[in-house]
Amino acid sequence: MELTFVTSNEGKFREAEEIAARYGIKLKWKKMSYLEPQGSSLEEIAKLSAEALSEELKEPFFLEDSGLFVEALKGFPGPYSSYVFKTIGNEGIVKLMDGVENRKAYFLAVVAYFDGEKVQIFTGKVEGEIATEMRGDRGFGFDPIFLYGSKTFAEMGDEKNEVSHRRRALEKFFSSIC
Ligand code: ITT
């Protein structure tokens, strides 16, 4: 079975490709950016984005919107993760968290699947902590500052794909269609 994943982010595609292979699914990468409407939650943004894109693509596809939610920052950057990563980046988050004791954070992934008729949503979450410094050189995005146990996602390499928010959302999605 083949499925089209719409994303501009190669790191996301590579991780999804490996998870899909375990279900016998081959992923096709449609490398493009799409308009992300403003919304109060990632779920809403992912659903609205997929609905808008379905008008253009017509064929079945899925996209995935992710975000990092830091408890002490009241869920920031959350839906603004992409913008925050491009602007203040990992160093900016580490600075914002300087001296903050509560380091709890989670990643949320929302998969929005357009099956040719309607959009379905699948979510996955992984809890961890914000590191006090960047560590590791694998992965992408916020991986160097996201601690899962004693290692950051960027130090875990392939092990990240066993426990990540993306893995959890995609497993729900793939098992619903296989
Ligand atoms: P597309 O929307 O084109 O898929 P994007 O990079 O804009 O790609 P998101 O909006 O979903 O993807 O991601 C928001 C930000 O969170 C972005 O800066 C990502 O690099 C980062 N991010 C997403 N998943 C991540 C992960 O597994 N590990 C670390 N950072 C991640």
Side-chain angles (χ1 to χ4, degrees), residues 3-20 27-54 56-57 61-70 73 75-94 96 105-114 119 121-131 134-149 151-171 173:
L3 278 176
T4 301
F5 182 14
V6 180
T7 177
S8 63
N9 184 322
E10 177 165 10
K12 278 164 73 164
F13 181 77
R14 295 288 164 229
E15 290 181 7
E17 190 178 34
E18 194 201 299
I19 298 162
L27 286 195
K28 279 202 303 190
W29 184 10
K30 188 154 182 70
K31 188 178 180 185
M32 64 180 273
S33 307
Y34 49 85
L35 202 67
E36 290 188 13
Q38 293 249 308
S40 52
S41 66
L42 279 194
E43 285 88 341
E44 197 182 345
I45 295 169
K47 188 154 191 277
L48 292 173
S49 303
E51 283 170 354
L53 200 55
S54 71
E56 192 184 318
L57 297 182
F61 67 89
F62 72 95
L63 54 81
E64 180 237 296
D65 211 11
S66 300
L68 175 69
F69 294 73
V70 182
L73 304 178
F76 180 84
Y80 309 106
S81 293
S82 188
Y83 179 71
V84 168
F85 183 73
K86 280 186 221 140
T87 52
I88 64 172
N90 283 324
E91 278 162 20
I93 301 276
V94 167
L96 281 176
Y106 65 87
F107 271 122
L108 181 67
V110 181
V111 169
Y113 172 48
F114 173 65
V119 173
I121 295 290
F122 303 88
T123 61
K125 184 176 172 180
V126 62
E127 293 183 351
E129 287 180 42
I130 300 298
M134 287 195 267
R135 277 181 10 211
D137 54 11
R138 313 270 306 267
F140 65 94
F142 299 107
D143 283 345
I145 60 163
F146 188 80
L147 272 175
Y148 182 79
K151 287 185 191 169
T152 65
F153 267 180
E155 289 175 313
M156 285 171 72
D158 296 342
E159 291 166 61
K160 171 191 171 187
N161 234 5
E162 305 299 322
V163 298
S164 76
H165 50 310
R166 179 157 300 105
R167 158 83 184 258
R168 289 170 184 172
L170 287 173
E171 272 194 342
F173 168 37

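One-based numbering, in listed order, for ligands and for the atoms of each. All values below were derived from every heavy atom in this structure, side-chain atoms included, with hydrogens, water molecules and symmetry-related copies excluded. All of these numbers come straight from a predicted model, not from anything done at the bench.
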Worksheet item: For the side chain of E155 and the backbone of T152, is there at least one donor-acceptor N/O pair under 3.5 Å apart?
Response: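 Yes, E155 side chain to T152 backbone: donor-acceptor pair under 3.5 Å.
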Worksheet item: Should R14 and E17 count as an ion pair when the cut-off is N to O under 4.0 Å?
Response: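 Salt bridge: yes.
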Worksheet item: From F69 CZ over to H165 NE2, what is the distance, rounded to the nearest 0.5 angstrom?
Response: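 Answer for the CZ-NE2 pair, F69 versus H165, is 10.0 Å.
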Worksheet item: Roughly how far, to the nearest 0.5 Å, is the CD atom of E10 from the CZ atom of F140?
Response: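 Going from CZ on F140 over to CD on E10, the span is 10.5 Å.
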Worksheet item: Relative to each other, are the rings of F61 and F114 parallel, tilted or perpendicular (30° and 60° limits)?
Response: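 Ring orientation of F61 relative to F114: tilted.
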Item to complete: Check the surroundings of atom CD in E18: do more than 12 heavy atoms from other residues, nucleotides or ligands lie under 6.0 Å from it?
Response: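 It does: E18 CD has more than 12 such atoms within range.
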Starting from the N and O atoms of ligand 1, find every protein N or O within less than 3.5 Å and list the pair with its distance.
unit_1   : atom_1 : unit_2 : atom_2 : d
ligand 1 : 2 (O)  : E36    : OE2    : 3.3
ligand 1 : 3 (O)  : S8     : N      : 2.8
ligand 1 : 3 (O)  : S8     : OG     : 2.6
ligand 1 : 4 (O)  : T7     : OG1    : 2.6
ligand 1 : 4 (O)  : K12    : NZ     : 2.8
ligand 1 : 6 (O)  : N9     : ND2    : 2.9
ligand 1 : 7 (O)  : S82    : OG     : 3.3
ligand 1 : 10 (O) : D65    : OD1    : 3.3
ligand 1 : 11 (O) : K12    : NZ     : 2.6
ligand 1 : 11 (O) : D65    : OD1    : 3.3
ligand 1 : 11 (O) : S66    : N      : 2.8
ligand 1 : 12 (O) : K12    : NZ     : 2.9
ligand 1 : 24 (N) : R166   : NH2    : 2.9
ligand 1 : 27 (O) : K160   : NZ     : 2.8
ligand 1 : 27 (O) : H165   : NE2    : 3.2
ligand 1 : 27 (O) : R166   : NH1    : 2.9
ligand 1 : 28 (N) : D143   : OD1    : 2.6
ligand 1 : 28 (N) : K160   : NZ     : 3.3
ligand 1 : 30 (N) : F142   : N      : 2.9

